[in-house]
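Contents: one structure, followed by commentary.
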Amino acid sequence: MLIEIKGVQFVNKGAELMLQAIIDQVNKLWPDAEICMEPDQNSPYLKRAEIGAYQKLRLVKNRFDFNGVSYLVPKYLRQYLKTSLGIVTEADVDMVLDASGFLYGDQWNYLPLKQASLIAKRFKKKNKQYILMPQALGPFSSLKYQQAARVLTENVAVAFARDSVSVNHVTELTAQSNVQLAPDFTNLLVPELPSQYVYLKGQVAVIPNSKMISNSNKNTLWREKYIDVLVNAIEAAQAINQKVFLLNHEGKGDQQICQQINHKLAFPVEIVNPESCLAIKSIIGQCAWVISSRYHGCVSALSQNVPCLGTSWSHKYEQLFDDYGCKNWILDASIDKTALSGVISHFAESAEQNSAELSDYSADIKESAKLVWSTISNELN
């Protein structure tokens, strides 16, 4: 069986974490299965080769999708391409696991949604499975987005939505969709802490997100105040003798935010840049508590019972914190320095109690994540 893992990459550590979580479960459920990925600027050949992924030929250009042509290529020729060059086509793929995270909706380019809808429709005709892994979906306001989303959700084997808002966005389009509510599935990964990061145990990680100051964030107040809020939060933590470090969860954009924060701090902190998404998750798991603007930074904290103060630029954050019973841990952009200092002080004092309260939620959510893989296995059978 050949499984295409779609929507993941190696620069965004949240996307890479989803990739590793899928590989982990595929190896457990289908040890003989093979995987493939399409080329991408954030998924270079050597990175794909490291995880043993075949190179899927991408026959898409803008709105033109030529992948259907691959079914006309003789099987012996496709087998030659696979065994000799490591190249596979859509015709070779048995199942797509689409872990795009948050790609299909008004905030993003229309083309990926349109392309995914065409592939899903073709897969259904070929009696193959296209599965939307747990992700945020919608909204779909314009007619073309609605039409493409309807085709996509009506033709996938199952669409897992990470939150009730996403479920509503899909069910408003059609009664025939196969949408199910399911949590993020990276919570099942339990990586070990690399020895070079042991010294970070008990510290506080601050995880910035460049999207907080981008046009993707419709909250203009956050775009204006974001850097200052994080600076004030770090200074408040330092004032109670809590050691803090900045954790870069994604490449150059977040690195620049880290540097801007340090430039404004009276006492700059260490910027930690792990190459591995598994190292990042393990580091977060050893923290006293966390401040995160990255979705998977929040997931990695909450799922490991690490209290987390969050900032939000999308409904997916509010829904995630609500799932863990801590929606009040999301900071408001309007918070002033004095109020924030009080929040930080109280949060640090109650970290142990907060961690204990998270444990029941995280255990239940992990069971729900296991059901995702049971459903996928049943669909395949």
Side-chain angles (χ1 to χ4, degrees), residues 1-30 33-58 60 67 86 88 90 93-105 108-109 111-113 115-116 119-120 123 129-137 152 156-162 166 182-189 191 209 211 248-251 253-254 274-281 294-300 303 316 369 372-373 376:
M1 177 172 63
L2 181 63
I3 299 172
E4 179 185 355
I5 307 176
K6 183 178 174 65
V8 294
Q9 50 152 294
F10 296 90
V11 174
N12 181 308
K13 296 308 177 185
E16 186 184 7
L17 197 61
M18 289 190 286
L19 169 62
Q20 293 295 341
I22 289 174
I23 292 173
D24 179 62
Q25 291 297 318
V26 166
N27 288 339
K28 292 175 181 176
L29 292 170
W30 309 291
E34 300 170 314
I35 62 172
C36 66
M37 291 176 63
E38 287 188 346
D40 180 86
Q41 62 179 357
N42 293 325
S43 300
Y45 170 78
L46 290 178
K47 286 288 187 180
R48 286 179 279 132
E50 281 179 12
I51 62 171
Y54 284 99
Q55 320 307 311
K56 180 172 174 283
L57 195 62
R58 180 174 173 80
V60 176
N67 281 300
V88 296
E90 182 185 297
V93 175
D94 300 296
M95 177 168 64
V96 170
L97 298 179
D98 186 337
S100 292
F102 187 26
L103 181 63
Y104 305 131
W108 312 111
N109 191 306
L111 285 177
L113 173 60
Q115 291 164 358
I119 297 170
F123 262 55
Q129 280 74 31
Y130 191 113
I131 292 169
L132 286 175
M133 298 298 291
Q135 57 192 276
L137 299 165
L152 176 62
V156 296
V158 60
F160 293 107
R162 286 191 305 216
S166 294
D184 179 86
F185 55 95
T186 62
N187 56 10
L188 299 177
L189 273 177
N209 185 348
K211 283 191 171 66
N248 184 355
H249 207 283
E250 183 191 349
D254 288 3
E275 291 187 6
S276 163
C277 65
L278 299 179
I280 288 178
K281 180 170 184 179
R294 279 284 167 192
Y295 181 83
H296 278 99
C298 297
V299 172
S300 293
S303 65
K316 64 181 182 178
V372 168
W373 290 104
I376 293 172

Does [X] reach the side chain of [Y], with side-chain heavy atoms less than 4.5 Å apart?
X: Asp24; Y: Leu188; value: no
X: Asp254; Y: Arg294; value: yes
X: Phe160; Y: Ile131; value: yes
X: Glu90; Y: Phe123; value: yes
X: Met133; Y: Ile376; value: yes
X: Gln135; Y: Asp98; value: yes
X: Asp94; Y: Gln129; value: no

I need the [X] [atom1] to [Y] [atom2] distance, nearest 0.5 Å.
X: Asn12; Y: Asn42; atom1: CG; atom2: CG; answer: 8.5 Å
X: Leu19; Y: Lys6; atom1: CG; atom2: NZ; answer: 14.0 Å
X: Tyr54; Y: Leu2; atom1: OH; atom2: CG; answer: 8.0 Å
X: Leu137; Y: Leu113; atom1: CG; atom2: CG; answer: 9.5 Å
X: Cys36; Y: Glu4; atom1: SG; atom2: CD; answer: 5.0 Å
X: Asn109; Y: Leu103; atom1: CG; atom2: CG; answer: 8.5 Å

Taking all heavy atoms of [X] and all of [Y], pick out the closest pair and write down the distance.
X: Ala15; Y: Gly7; value: CB-O, 4.5 Å
X: Tyr104; Y: Pro112; value: CE2-O, 3.6 Å
X: Gly14; Y: His249; value: N-CE1, 3.5 Å
X: Ala21; Y: Leu189; value: N-CD1, 3.5 Å
X: Thr186; Y: Val299; value: OG1-CG1, 3.7 Å
X: Ala33; Y: Ile3; value: CB-CD1, 4.1 Å

So, does Lys281 use its side chain to make a donor-acceptor pair with the main chain of Ser276 at under 3.5 Å?
-> no
If only atom types and distance count, is the side chain of Glu250 paired as donor or acceptor with the main-chain N or O of Asn248 below 3.5 Å?
-> no
What do the steps show when you test Arg48 against Phe10 for side-chain contact (heavy atoms from CB on, under 4.5 Å), and what is the final call?
-> CA-CA 9 Å; Arg48 286 179 279 132; Phe10 296 90; 4.2 Å; yes
Think Lys316 forms a cation-pi with Tyr295, using NZ or CZ under 6.0 Å from the six-ring centre and within 45 degrees of its axis?
->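 Yes - Lys316 lies over the ring of Tyr295, closer than 6.0 Å to its centre and within 45° of its axis.
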Stepwise side-chain contact (heavy atoms from CB on, under 4.5 Å) check, Met18 with His296 = CA-CA 9 Å; Met18 289 190 286; His296 278 99; 3.8 Å; yes
After noting the C-alpha distance and the side-chain angles of Ile51 and Met37, does the key distance pass the side-chain contact (heavy atoms from CB on, under 4.5 Å) rule?
-> CA-CA 10 Å; Ile51 62 171; Met37 291 176 63; 3.7 Å; yes
Determine the sole option in Leu97, Val96, Leu152 for which the side-chain contact (heavy atoms from CB on, under 4.5 Å) test with Leu132 is passed.
-> Leu152
Can you sort out the partners of Pro183 under side-chain contact (heavy atoms from CB on, under 4.5 Å), two or more places apart, ordered by chain and number?
->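 side-chain contact (heavy atoms from CB on, under 4.5 Å) list for Pro183, sorted by chain: Ile365, Ser368, Ala369.
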Where do Leu17 and Ser300 land on the side-chain contact (heavy atoms from CB on, under 4.5 Å) test, with the steps shown first?
-> CA-CA 10 Å; Leu17 197 61; Ser300 293; 3.7 Å; yes
Lys/Arg N to Asp/Glu carboxylate O, Lys56 vs Glu38, below 4.0 Å | yes
